[in-house]
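Each ligand, and each atom within it, is numbered from 1 in the order the structure gives. Throughout, numbering of the chain's residues begins at 1 and tracks the sequence.
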Amino acid sequence: MTIGSVPVKFRISVDHDQCMVCGRCVENCPYDVFRLENGKIHVNSRKCVACHRCIAMCPRDAISIRERPVDYRSHPVWTTEIREDIYNQARTGKIILAGMGNAKPYPIIFDSLVLDACQVTNPSIDPLREPMELRTYLGKKPSRLEIREKGSEVEVLTPIGPNLQLETPIMVGHMSYGAISLNAQASIARAVSATGTFMGTGEGGLHQSLYPYQDHMIVQVASGRFGVDINYLERGAAIEIKIGQGAKPGIGGHLPGEKVCEDVSCTRMIPVGSDAISPAPHHDIYSIEDLKQLVRSLKEATEWKKPVFVKIAAVHNSAAIAAGIARSAADAVVVDGFRGGTGAAPKAFRDHVGIPIEAAIASVDAKLRSQGIRNEVSLIASGGIRESADVAKVIALGADAVYIGTAALVAMGCRVCGTCYRGLCPWGIATQRPDLVARLDPDIASQNVANLIHAWTLELSELMGAAGINSIESLRGNRDRLRGYLLDESIMKVLDVKPVGA
Ligand code: SF4
Ligand code: SF4
């Protein structure tokens, strides 16, 4: 006895009165949902992932997609999702892979935090008329500066380590060549160069066509060491050691073999078609002392000219770990929350492991401050930053800057269908298939990402001005500018914010 057919997730309908049988849906769907037969479009709804490419390309608005037209018999415990996963695993005996970030409906803390604004006695600042400082420096800051005045000149005597200078506290996080296409990486590279900020290479090495943008690249060293050699390290503006990732804390990266084409294999230095699975831990790091050695080795290899960041997934003891990292000679700690995106992660990890970025950043910032080492490292928040207000809120909770990921992909056309791991992204983003990659035009996509960063930066300065703040430094860790709205008291304690009205 088989499990039998299960209800379709998406039902596609074609309005044949509207359809002009141009065949664009057939050409554009990489999942073979459509076929043209006897002068008519036929569909196989079971193959649909709701990427919406067909809808976007249809010149007659003839296509509609309905979600779950026939659902499972309802049950409060054995939900549709739970039963589908069981059927899937009963058939395959495999771990379920998923893309994008955590899809469980956990409450989003950002949406229960509101920002303050000035009225009457504490006037707000008008960013259109007054200067606003959004320039951000990432790296160690001395607690005090020794200077010597020479006439009108001032000489800084305190040695200052390498810092990255950002024109906006918004960067684009690590999405490797392999996980995303070269057109997607090139689009992001051009966008961050145009907006004076930075992007991460991910753990896939740096393709030589992106060398012109190397001054805006943070090169990543992950547990698999894919693509890492001295040439790679020297090209980056900064180096990031990836210990963990918010979408899958405790396990390494996973690039399915379907996405390892010839060019990806050269850049990663791995065989064509092989799954690139990085080990869960770095095999040379089992303590903060080990981490310190790697940080110092990378600094020494690059003549102490580059800041070294360490990225961890947001977990229960992130604060204690970050305090150790701050003492390891690293220049910045990246904390990646459990809503962080991924090209491929076991669903059990993506949806159930880790903690939200809001709580993690607040506790890390508080711990570093309480130990008097906050200036030893900058703090970068990532994982679930969806809009400019999230940027303002997470900086007020203690971050210096943010990485965005999914938002940049959405700006390039991503429909968040969550099937990046299949390598068939119809928008040319999370794929290596040449005909699909060609769909992403870097001229347009780079402009879209640059526009997004620019728009968020403008909104951020407006939000700061309304709160009477004219520099990003003054927003950092300024929790008095936040209030919890219908937030649980225990969470407000972790965030160290007052309730609305207080
Ligand atoms: S793209 Fe639209 S108009 Fe063209 S064949 Fe498909 S359904 Fe018909
Ligand atoms: S990048 Fe492509 S495959 Fe991944 S979620 Fe977005 S549209 Fe879907």
Side-chain angles (χ1 to χ4, degrees), residues 9-45 47-67 97-103 172-185 187-188 202 247 254-256 258-259 339-345 347 350 384 386 404-433 435-441 445 448-449 452:
K9 274 192 185 160
F10 306 102
R11 170 74 67 199
I12 307 200
S13 320
V14 175
D15 180 343
H16 292 285
D17 291 337
Q18 286 299 319
C19 176
M20 58 195 256
V21 202
C22 66
R24 285 196 197 168
C25 48
V26 182
E27 284 160 27
N28 272 280
C29 179
Y31 297 99
D32 295 330
V33 168
F34 299 89
R35 68 177 202 286
L36 177 56
E37 224 173 80
N38 301 326
K40 198 174 168 192
I41 295 294
H42 299 263
V43 296
N44 180 350
S45 293
K47 292 182 172 179
C48 179
V49 300
C51 71
H52 283 212
R53 178 84 187 177
C54 56
I55 289 183
M57 293 297 137
C58 175
R60 301 295 291 269
D61 289 332
I63 302 170
S64 50
I65 302 178
R66 271 185 306 138
E67 195 161 352
L97 280 184
M100 286 287 126
N102 193 315
V172 181
H174 291 261
M175 292 177 278
S176 68
Y177 174 39
I180 61 172
S181 65
L182 194 53
N183 274 2
Q185 265 206 341
S187 304
I188 297 170
H254 180 189
L255 180 67
E258 299 86 68
K259 288 171 110 176
R339 287 200 175 83
T342 173
K347 188 163 175 274
R350 188 199 67 172
R386 307 157 299 164
I404 60 169
T406 304
L409 300 188
V410 172
M412 291 194 279
C414 162
R415 298 302 204 260
V416 199
C417 71
T419 54
C420 317
Y421 60 93
R422 291 179 63 179
L424 292 173
C425 175
W427 297 91
I429 300 168
T431 179
Q432 303 306 327
R433 220 174 80 177
D435 60 318
L436 300 178
V437 173
R439 293 179 181 181
L440 188 72
D441 180 342
N448 290 353
V449 177
L452 181 76

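Taking 2.8 Å as the limit, the number of protein N, O or S atoms around atom 2 (Fe) of ligand 2 is 1. Within the protein, the number of N, O or S atoms lying under 2.8 Å from atom 2 (Fe) of ligand 1 is 1.
At a 4.0 Å heavy-atom cut-off, ligand 2 does not touch Arg422 at all.
Every residue meeting the salt bridge (charged side-chain N to carboxylate O under 4.0 Å, His left out) condition with Lys347, not counting sequence neighbours, appears here in chain and number order: Glu81, Asp85.
A side-chain donor-acceptor contact under 3.5 Å links Arg439 to the backbone of Asn28. In this structure, the side chain of Trp427 does not engage the main chain of Leu409 through any donor-acceptor pair within 3.5 Å. With Thr431 contributing its side chain and Gly423 its backbone, the two residues share a donor-acceptor pair below 3.5 Å. Without hydrogens or angle criteria, Gln432 side chain to Tyr177 main chain gives no donor-acceptor distance under 3.5 Å. Between the side chain of Asn44 and the backbone N or O of Val33 there is no donor-acceptor pair closer than 3.5 Å. A donor-acceptor pair is defined here as one N or O able to donate and one able to accept, closer than 3.5 Å; no such pair exists between the side chain of Arg11 and the backbone of Ser45. Lys259 places a side-chain N or O within donor-acceptor distance of the main-chain N or O of Cys420, the cut-off being under 3.5 Å. The backbone N or O of Val437 sits less than 3.5 Å from a side-chain atom of Asn183, completing a donor-acceptor pair.
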N/O donor-acceptor pairs under 3.5 Å from side chains in residues 58-65, not counting sequence neighbours:
none

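Residue contact check: Met100 has heavy atoms under 4.0 Å from atoms 5 (S) of ligand 2.
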